[in-house]
Colleague: 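One structure is given below, represented as structure tokens, and several questions about it will come after.
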Amino acid sequence: MLEAVWSRKKIGLIIGISQLAFIIIFGFLVDYGWDGSPASKRTSSASHSEVSKVVVVLPGKNASSMALQTVDHPVPVTTSKFPVETYYAMFQDVHVMVFVGFGFLMTFLRKYGYSSVGFNFLLAAYVLQWSTLMRGFLRLSENDYRIKLDIVSLINSDFTAATILISFGVVLGKLSMSQYLIMVLFETVFVTINEWICYEMFFIKDVGGTVAIHLFGAFFGLALARTIHQKKWSHDDFNKLKFGSHYNDLLSLIGTLFLWMFWPSFNAALATDDGRYRAVFNTYFAITASCLSAFMTSSFLSHGKFSLDIIQNSTLAGGVVVGAVCDMYLYPWGALICGAGAGVISALGYFYLGPILDRKLGFHDTCGVNNLHAMPAFLGTLISAIVAGCATKEVYGSGYYTQFPKHAPLANTKEFLDLKALYPDLQPGLGWTPAIQAGYQMAAMGVTLALAIGGAVLTGMVLRLPIWDAVNEYNVFEDDTHWELPTKMKRDDEAQLRERIGRVSKDGDYNSDQPVVVLHTLSEKKAATGNGYYSDHKAPV
């Protein structure tokens, strides 16, 4: 009895139990942060995150005897830490990318449009709640064991959702709904742990998520696809199920355009000061260059014509490749070179590498995530190490220590004292050199790959358990497995129905001896009118 109920109601129960758990945890731990609290409560509730560390110079008898002391300097209660007018516009752009851009980009599948957009909607909303909690768990001790909300935490949750959706694109159409939910539950944990290591331990430069978002999401998805792979998925006949119609591809291209237009906001959302302007400029030109190079490469590969698979995806590669360096001094010409190179590499990957990964190595990648995210992100990480390693004080000027805060000298050193006289707002750093920063950029890539691949293998092993109702091979890329579809009425039946509707009396009753039945279930609709799509629920007997 219980097993039968579980089988029928599994998806709803997983969603319901998860939401109930989120509500309980939010009730005990989550609260409005500094900006969401009235000024009268900001002082009393101030914690480590509501004060800034200010280094003051204590005078001595002579210059050599001067001392430094770090004191807490409370943020004025009337000051917003993350003003809405500064962050909300770009936050909303990122939100559109996650829910509209990613969703419609995946509608190229012939009979999986409902699931592409609908599951994207569901999974992203699930991640927004779960990632807020996961990221907050890692910072409880900093906030008096409370999870404090601000606009930046919402942007970070959207970034986590983007990471999950990149992985989702690799296995699109090949998992059941319950498997998707379990994948999201596990992957979010690994994503937030990786973010913590990259940003809080390695202090890498990655404002646009080349490493933490694109590299992690792509390799997690690829490793998961290999773990759950079935040999029949690499057969040519299986892949024919993916091919959509003219309208599928047109909808997918709309998703591409949404992503393309808003990508500068995605990369610049968390950048600060003059770095935010550079992030917009560099991304703007990089993504235009990847668009041109993708069209060019596609024309060469397709004998003068364009491949929509390449245009839908490779045109976006410029935004991926500059994510880690967009707020640095890349220069516009450098952004163009990076974007153009990423577009070419991505397009070549679709044409040459994709079939090899699928047929020879067993990496069935539904959306070509390896070509749009994995390869450009790998290249972008290498570029970030080079650009960070070449950074100089002469180039960055007064913004050098703002851009690379860990390069500032250690506290209580003469070098720091001298710099403090020049830059009163300077905070102590770790005394890093550009070479050390470059080393940590590369170390973050290694950790990201290890966590993504290891986490995906573990998640894949869990998903292979029979309890999660794996999709049968004849139900892949099929909306009918998960959705109630509208039925399509045959032309003769529609003509008869319209004739009857024309004889409806003023009081709304049919002026006919034949009864009318209401079709409640999909099987009844199909039995009465045939397979397909039609929204009318009434049909003549």
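Throughout, residue positions are numbered sequentially from 1 according to the sequence presented.
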Colleague: Say whether Thr160 and Arg135, considering side chains only, have a donor N or O and an acceptor N or O under 3.5 Å apart.
Modeller: yes
Colleague: Classify the angle between the aromatic ring planes of Phe281 and Tyr277 as parallel (below 30°), tilted (30 to 60°) or perpendicular (above 60°).
Modeller: tilted
Colleague: Can you confirm whether the side chains of Ser314 and Tyr350 place a donor and an acceptor under 3.5 Å from each other?
Modeller: no
Colleague: Checking side-chain contact (heavy atoms from CB on, under 4.5 Å) for the pair Met375/Leu353: CA distance, chi angles, key distance, verdict?
Modeller: CA-CA 11 Å; Met375 293 196 298; Leu353 186 58; 3.6 Å; yes
Colleague: Inspect the contact between Asp480 and Lys111 and indicate whether a charged nitrogen and a carboxylate oxygen are less than 4.0 angstrom apart.
Modeller: no
Colleague: Do Val321 and Ile383 touch side chain to side chain, with heavy atoms closer than 4.5 Å?
Modeller: yes
Colleague: For residues Trp483 and Ser115, is any side-chain donor paired with an opposing acceptor at under 3.5 Å?
Modeller: yes
Colleague: Hey, could you give me the CZ/CD distance between Arg110 and Glu478, rounded to the nearest 0.5 Å?
Modeller: 8.0 Å
Colleague: Backbone N or O of Val325 within a donor-acceptor pair of the Ser384 side chain at under 3.5 Å?
Modeller: no
Colleague: Quick check: closest heavy atoms across Asp158 and Val98, and the distance to 0.1 Å?
Modeller: O-CG2, 3.7 Å
Colleague: Parallel under 30°, tilted from 30 to 60°, perpendicular over 60°: which one fits the rings of His373 and His214?
Modeller: parallel
Colleague: Let me see the working for Phe159 and Phe266 under ring pair (Phe, Tyr, Trp, His ring centres under 6.0 Å), right down to the final yes or no.
Modeller: CA-CA 9 Å; Phe159 282 168; Phe266 188 93; 4.7 Å; yes
Colleague: Are any of the side-chain heavy atoms of Ser299 and Phe295 separated by less than 4.5 Å?
Modeller: no
Colleague: Is the Phe202 ring parallel, tilted or perpendicular to the Tyr440 ring (thresholds 30°, 60°)?
Modeller: tilted
Colleague: Could you tell me whether a side-chain N or O of Ser290 sits under 3.5 Å from a main-chain N or O of Thr315, the two making a donor and an acceptor?
Modeller: yes
Colleague: If we ignore hydrogens and angles and just use 3.5 Å, is the side chain of Ser116 paired with the main-chain N or O of Gly103 as donor and acceptor?
Modeller: no
Colleague: Is any side-chain heavy atom of Val395 closer than 4.5 Å to a side-chain heavy atom of Tyr331?
Modeller: yes
Colleague: NE2 of His95 to CE of Met97: how many Å apart, nearest 0.5 Å?
Modeller: 13.0 Å
Colleague: Treating Trp196 as the side-chain partner and Leu138 as the backbone partner, does any N or O pair qualify as donor plus acceptor under 3.5 Å?
Modeller: no
Colleague: As a quick check of understanding, evaluate ring pair (Phe, Tyr, Trp, His ring centres under 6.0 Å) for Tyr180 and Phe119, giving each step before the final call.
Modeller: CA-CA 9 Å; Tyr180 284 132; Phe119 291 169; 5.7 Å; yes
Colleague: How close do Gly339 and Ser293 get, heavy atom to heavy atom, and via which atoms?
Modeller: O-OG, 3.9 Å
Colleague: Look up atom CG in Leu451 and atom CD1 in Ile197, then write down how far apart they are to the nearest 0.5 Å.
Modeller: 5.0 Å
Colleague: So, Ser346 side chain and Asn371 main chain: donor-acceptor pair closer than 3.5 Å or not?
Modeller: yes
Colleague: Do Leu224 and Val170 come within less than 4.5 Å of each other through their side chains, counting heavy atoms only?
Modeller: no
Colleague: In the structure I gave you, are the side-chain heavy atoms of Phe220 and Ile453 within less than 4.5 Å of one another anywhere?
Modeller: no
Colleague: Does any donor atom in the side chain of Thr256 or Gln312 lie under 3.5 Å from an acceptor atom in the other side chain?
Modeller: no
Colleague: So how far is it from Ser157 OG to Met134 CE, rounded to the nearest 0.5 Å?
Modeller: 11.5 Å
Colleague: How far apart are the closest heavy atoms of Ala124 and Phe99, and which atoms are they?
Modeller: CB-CE2, 3.6 Å
Colleague: Given Leu123 and Phe168, is the side-chain contact (heavy atoms from CB on, under 4.5 Å) satisfied, shown in steps?
Modeller: CA-CA 9 Å; Leu123 298 179; Phe168 173 58; 3.9 Å; yes
Colleague: Could you tell me whether a side-chain N or O of Ser176 sits under 3.5 Å from a main-chain N or O of Asp469, the two making a donor and an acceptor?
Modeller: yes
Colleague: Taking the six-membered ring where the residue is Trp, are the ring centres of Tyr114 and Tyr112 under 6.0 Å apart?
Modeller: no
Colleague: Tell me, do Asn267 and Val207 make a side-chain contact under 4.5 Å, heavy atoms counted?
Modeller: no
Colleague: Under a 3.5 Å distance rule, please check whether Tyr396 uses its side chain to pair with a backbone N or O of Tyr329 as donor and acceptor.
Modeller: yes
Colleague: Does Phe258 form a side-chain contact (heavy atoms from CB on, under 4.5 Å) with Phe102? I'd like the steps, not just the answer.
Modeller: CA-CA 9 Å; Phe258 269 98; Phe102 277 102; over 6 Å; no
Colleague: For atom CZ of Phe190, decide whether the heavy atoms of other residues, nucleotides or ligands shown that lie under 6.0 angstrom number more than 12.
Modeller: yes
Colleague: Does the separation of the ring centres of Tyr126 and Phe22 fall below 6.0 angstrom?
Modeller: yes
Colleague: So which heavy atom on Lys205 is nearest to which on Asp327, and how close?
Modeller: NZ-OD2, 3.6 Å
Colleague: What is the distance from atom CD1 of Ile164 to atom CH2 of Trp130, rounded to the nearest 0.5 Å?
Modeller: 11.5 Å
Colleague: What closest approach, in Å, do Ser307 and Ser302 show between heavy atoms, and which atom pair accounts for it?
Modeller: CB-OG, 4.0 Å
Colleague: Taking the six-membered ring for Trp and the single ring otherwise, decide whether the centroids of Phe203 and Phe404 are under 6.0 Å apart.
Modeller: no
Colleague: Quick one: closest heavy-atom pair of Asp206 and Thr210, and the distance?
Modeller: OD1-N, 2.8 Å
Colleague: Go through Gln179 and Val462 one step at a time and tell me if the side-chain contact (heavy atoms from CB on, under 4.5 Å) criterion holds.
Modeller: CA-CA 9 Å; Gln179 286 177 312; Val462 174; over 6 Å; no
Colleague: State whether the side chain of Lys174 and the backbone N or O of His364 hold a donor-acceptor pair below 3.5 Å, judged by distance alone.
Modeller: yes
Colleague: Should we count CE of Met461 as having more than 12 external heavy atoms under 6.0 Å?
Modeller: no
Colleague: Would you mind listing every salt bridge (Lys or Arg N to Asp or Glu O under 4.0 Å) that reaches into residues 258-276, with sequence neighbours excluded?
Modeller: Asp274-Arg278
Colleague: Go through the steps for Phe91 and Tyr88 under the test ring pair (Phe, Tyr, Trp, His ring centres under 6.0 Å), then give the verdict.
Modeller: CA-CA 5 Å; Phe91 157 69; Tyr88 186 79; 5.5 Å; yes
Colleague: With rounding to the nearest 0.5 angstrom, report the CD1 to CD1 distance, Ile467 to Ile182.
Modeller: 8.5 Å
Colleague: Under 3.5 Å, is there a donor-acceptor pair between the side chain of Asn248 and the main chain of Leu109?
Modeller: yes
Colleague: Do Glu484 and Asp479 have side-chain heavy atoms sitting under 4.5 Å apart?
Modeller: no
Colleague: Quick one: do the Thr459 and Glu187 side chains pair a donor with an acceptor below 3.5 Å?
Modeller: no
Colleague: Within a reach of under 6.0 Å around CZ of Phe121, are more than 12 heavy atoms found that belong to other residues, nucleotides or ligands?
Modeller: no
Colleague: Regarding Thr448 and Asn194, is there a side-chain donor-to-acceptor distance under 3.5 Å anywhere?
Modeller: yes
Colleague: Does Leu361 offer a backbone N or O that forms a donor-acceptor pair with the side chain of Arg226 under 3.5 Å?
Modeller: yes
Colleague: Between Leu372 and Leu316, is any pair of side-chain heavy atoms under 4.5 Å apart?
Modeller: yes
